Amino acid sequence: MKILDLNVELREKLGSAEARRHRRAGRVPCILYGGPQDNLPLTTTRDEFAEILKGHTVLVRLHLGDQEQTAFVRHVEWNTFGEHVEHIDFQRVEPEQEVSFAIPLHYAGTPAGTSEGGRFEREYDTLPVRGPLQNMPPEIRVDITPLGVGEGIRAGEIALPEGLKLDCDGDDLVAQVRVPRAAAATP
C-alpha cells in the first residue's frame, strides 16, 4: 500500500473559534489518536491534504518537526456542501500492525452471461479484510468474465494477498449476473 507524506503542525490553542481561524487561514484541524501515546491536536494545509485525497490514500506518514508517525486516515469531515475538508481524524498505526480495512474491488472483464441477456450487479464495491497494513493492496482485481446467468462470486472465493483474511462472511455475495426480470416472469 502506498504511503504519502503529510506535514502537520501542533495546535497550541483548541476550541471552535480557533478551528475557524485555522480554516480561514487555509489549514485543516486534525487529531492523531491511538496507541499508548496521548492524542495530539494538529493542523495541516488544505492544499497538501487535497493531494492525499486525489491519490485515494488512506495511509500517511505525518511529519511533525523532526518526528514521523504512520497514520491511517480514519475519518474526514466535510462542510455542509462537501466543498472543503473541515476536520481529519488520524489513527496511529505501525506497518506490521493488524487492522480492519475496506479494499476497493475492481471488476475486470465482461461477464459471459450478459451476452445471454443477464444483467451484471455488484453487491460490494469494497471488501472488508483484516491484516497488516504492509500487505494491503490499493485494490483487489476480480475477474468476472466466466460468470454466466444466475452465477455469482462470493467473498470467500476472492483470492487475497498473503497475510490478509476476510473481515466478513465468506458466503456473502459480492457480485452476480441476474436473470432479467421480464425473462424470470415468463412461464
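Quick caveat, the model's predicted, so the values are computed rather than measured.
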For the residue pair [X] and [Y], establish whether any side-chain heavy-atom pair is separated by less than 4.5 Å.
X	Y	value
L160	I140	yes
K13	R21	no
V8	H63	no
P137	L164	yes
Y107	R122	yes
V142	I153	yes
L105	V174	yes
E86	R23	yes

Are V73 and I31 linked, directly or through other ILVMFWY residues, by side chains that come within less than 4.5 angstrom of each other? no

Kindly work out whether a path of hydrophobic side-chain contacts (I/L/V/M/F/W/Y, heavy atoms less than 4.5 Å apart) joins W78 to V60. yes

For the atom pair [atom1] ([X]) and [atom2] ([Y]), what is the distance rounded to the nearest 0.5 Å?
X	Y	atom1	atom2	value
L62	R92	CG	CZ	9.5 Å
L64	L40	CG	CG	7.0 Å
H87	T43	NE2	OG1	10.5 Å
Q67	L10	CD	CG	9.5 Å
T44	R27	OG1	CZ	6.0 Å
E121	R119	CD	CZ	4.0 Å

Minimal non-hydrogen separation, [X] against [Y], with atom names:
X	Y	value
D167	S100	OD2-OG, 2.7 Å
G109	T145	CA-CG2, 3.5 Å
C168	L127	SG-CD1, 4.3 Å
P132	G163	CD-O, 3.5 Å
Q69	L32	CG-CD2, 4.0 Å
G34	N39	N-OD1, 4.1 Å

Partner residues of F49 under the ring pair (Phe, Tyr, Trp, His ring centres under 6.0 Å) criterion, sequence neighbours left out: none

Side chain N79, main chain H84, donor-acceptor under 3.5 Å: yes

Give a yes-or-no answer on whether the side chains of D89 and Y33 include a donor-acceptor pair shorter than 3.5 Å. no

Check step by step if side-chain contact (heavy atoms from CB on, under 4.5 Å) holds for N7 and E48. CA-CA 8 Å; N7 294 310; E48 202 170 344; 3.2 Å; yes

Between R11 and E18, does a salt bridge (charged side-chain N to carboxylate O under 4.0 Å, His left out) hold up when you go through it step by step? CA-CA 9 Å; R11 278 190 289 158; E18 281 299 312; over 6 Å; no

Working for side-chain contact (heavy atoms from CB on, under 4.5 Å), residues F101 and T126: CA-CA 9 Å; F101 191 79; T126 60; over 6 Å; no

Can you run down the salt bridge (charged side-chain N to carboxylate O under 4.0 Å, His left out) pairs that involve residues 130-159, sequence neighbours left out, and say none if there aren't any? E98-R130

